[in-house]
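I have placed the structure first, in the form of structure tokens, so that the comments after it can refer back to it.
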Amino acid sequence: MDCIFCKIIRGEVPCRKVCETAHALVFMDIAGDVDGHMLAVPKKHCKNLLDCDEESLHGLMDTVKQVSHQCIERGYDGVNLLHASGESAGQSVPHFHIHIIPRKEGDGIDAWPKFGGAKFEIDRIWKDLTE
Ligand code: 5GP
Ligand code: ZN
């Protein structure tokens, strides 16, 4: 399959491997945008959260937790997890991935989006989401 992350998983494209488990691989993101930027991907190809099978999803999240603990053991204080399912959400690579950003107190990293303020009354959106 002509998928860059599948190629990385198969070893056809090199990566800086952080952790490999039965169901997932974690490697350094090459963006160079923030220190410690990692990507966690399921080994079995799926586009995103919406079409991921349960076994892959659980395996991926277990691996994300393992790497998060690894960060703490190596002197970090926390992690941010970022994920986009779908182009409208900002997904650019169509193989499920979770961004892991290790954090230290006072590191100055702004990993939380600056939302522009809600456009609609909260109850209207609540009804759209639930009724
Ligand atoms: P998205 O925008 O889909 O949430 O994130 C895709 C991420 O994949 C980006 O942060 C981008 O830097 C990363 N990426 C794209 N191609 C490669 C690659 O060949 N190797 C690695 N390590 N990361 C990649
Ligand atoms: Zn893939």
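One-based numbering, in listed order, for ligands and for the atoms of each. Bear in mind that the values here come from a model prediction, so they are computed numbers and not experimental data.
With respect to atom 4 (O) of ligand 1, the closest heavy atom belonging to the protein is His99 NE2, 2.8 Å. Ranking the protein heavy atoms by distance from atom 2 (O) of ligand 1 puts Ser92 OG, 2.8 Å first. Atom 19 (O) of ligand 1 has its closest protein heavy atom at Ile4 CG1, 3.4 Å. Among all protein heavy atoms, the one lying closest to atom 9 (C) of ligand 1 is Asp29 OD2, 3.3 Å. Looking only at protein heavy atoms, the nearest one to atom 22 (N) of ligand 1 is Met28 O, 2.8 Å.
Taking every non-hydrogen atom of Gly90 and a distance limit under 4.0 Å, the qualifying atoms of ligand 1 come out as 2 (O). If you number the atoms of ligand 1 from 1 as listed, the ones under 4.0 Å from a heavy atom of Leu39 come out as 8 (O), 13 (C), 23 (N). Every atom of ligand 1 is numbered from 1 in the order shown, and the set under 4.0 Å from a heavy atom of Ala31 is 12 (O). Close contacts between ligand 1 and Ile8 involve ligand atoms 20 (N) [criterion: under 4.0 Å to a heavy atom]. Short contacts between ligand 1 and Phe5, defined as distances under 4.0 Å to a heavy atom of the residue, involve ligand atoms 8 (O), 24 (C).
Every residue was checked against the side chain to side chain donor-acceptor pair (under 3.5 Å) condition with Ser68, not counting sequence neighbours, and none meets it. With sequence neighbours excluded, the residues satisfying side chain to side chain donor-acceptor pair (under 3.5 Å) with Lys17 are Glu20. By the side chain to side chain contact (heavy atoms under 4.5 Å, CB included) test, Arg74 is found to be paired with Gln70, residues two or more places apart in sequence or in another chain being considered.
Between Asp107 and Arg103, at least one side-chain N (NZ, or NE/NH1/NH2) sits under 4.0 Å from a carboxylate O, which counts as a salt bridge. Here Glu87 pairs with Lys47 in a salt bridge; the nearest charged N to carboxylate O distance falls below 4.0 Å.
Note that CD1 of Ile100 and SG of Cys19 are 8.5 Å apart. Values are rounded to the nearest 0.5 Å. Considering SG of Cys15 and CG of Leu25, their distance stands at 5.0 Å, rounded to 0.5 Å.
Residue Phe27 has no nitrogen or oxygen atom sitting less than 3.5 Å from a nitrogen or oxygen atom of ligand 1, judged on distance alone. Residue Gln91 has no N or O atom closer than 3.5 Å to an N or O atom of ligand 1. For ligand 1, none of its N or O atoms has an N or O atom of Ala84 under 3.5 Å away.
Hydrophobic clustering (side-chain heavy atoms under 4.5 Å, transitive across Ile, Leu, Val, Met, Phe, Trp, Tyr) groups Val18 together with Met61.
Put simply, part of His97 is less than 4.0 Å from ligand 1, judged by heavy atoms. Heavy atoms of Val13 come nearer than 4.0 angstrom to ligand 1 in no pair at all. Using a non-hydrogen distance threshold of 4.0 Å, Cys15 does not register as a contact of ligand 1.
Scanning all heavy atoms of the two residues, the minimum distance from Lys104 to Gly75 falls at CE-O, 3.4 Å. Of all the heavy atoms in Pro102 and Gly36, the pair that sits closest is CD-O, 3.1 Å. The two residues Gly86 and Gln91 have their closest heavy-atom pair at N-OE1, 2.8 Å.
Using cut-offs of 30° and 60° for the angle between ring planes, the His37 and His99 rings count as tilted.
Atom 24 (C) of ligand 1 has its nearest heavy-atom neighbour, among Val93, Ile98, Ile30, in Ile30.
Residue-and-atom listing of protein N/O/S atoms under 2.8 Å from the Zn ion (ligand 2), sorted by chain and number: Cys3 SG, Cys6 SG, His45 ND1, His95 ND1.
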Output, in order, the C-alpha distance, side-chain angles, deciding distance and verdict of side chain to side chain contact (heavy atoms under 4.5 Å, CB included) for Lys7 and Asp2. CA-CA 7 Å; Lys7 286 180 180 167; Asp2 191 31; 2.8 Å; yes

So His45 and Phe96, side chain to side chain contact (heavy atoms under 4.5 Å, CB included) or not? Walk me through it. CA-CA 7 Å; His45 181 91; Phe96 189 12; over 6 Å; no

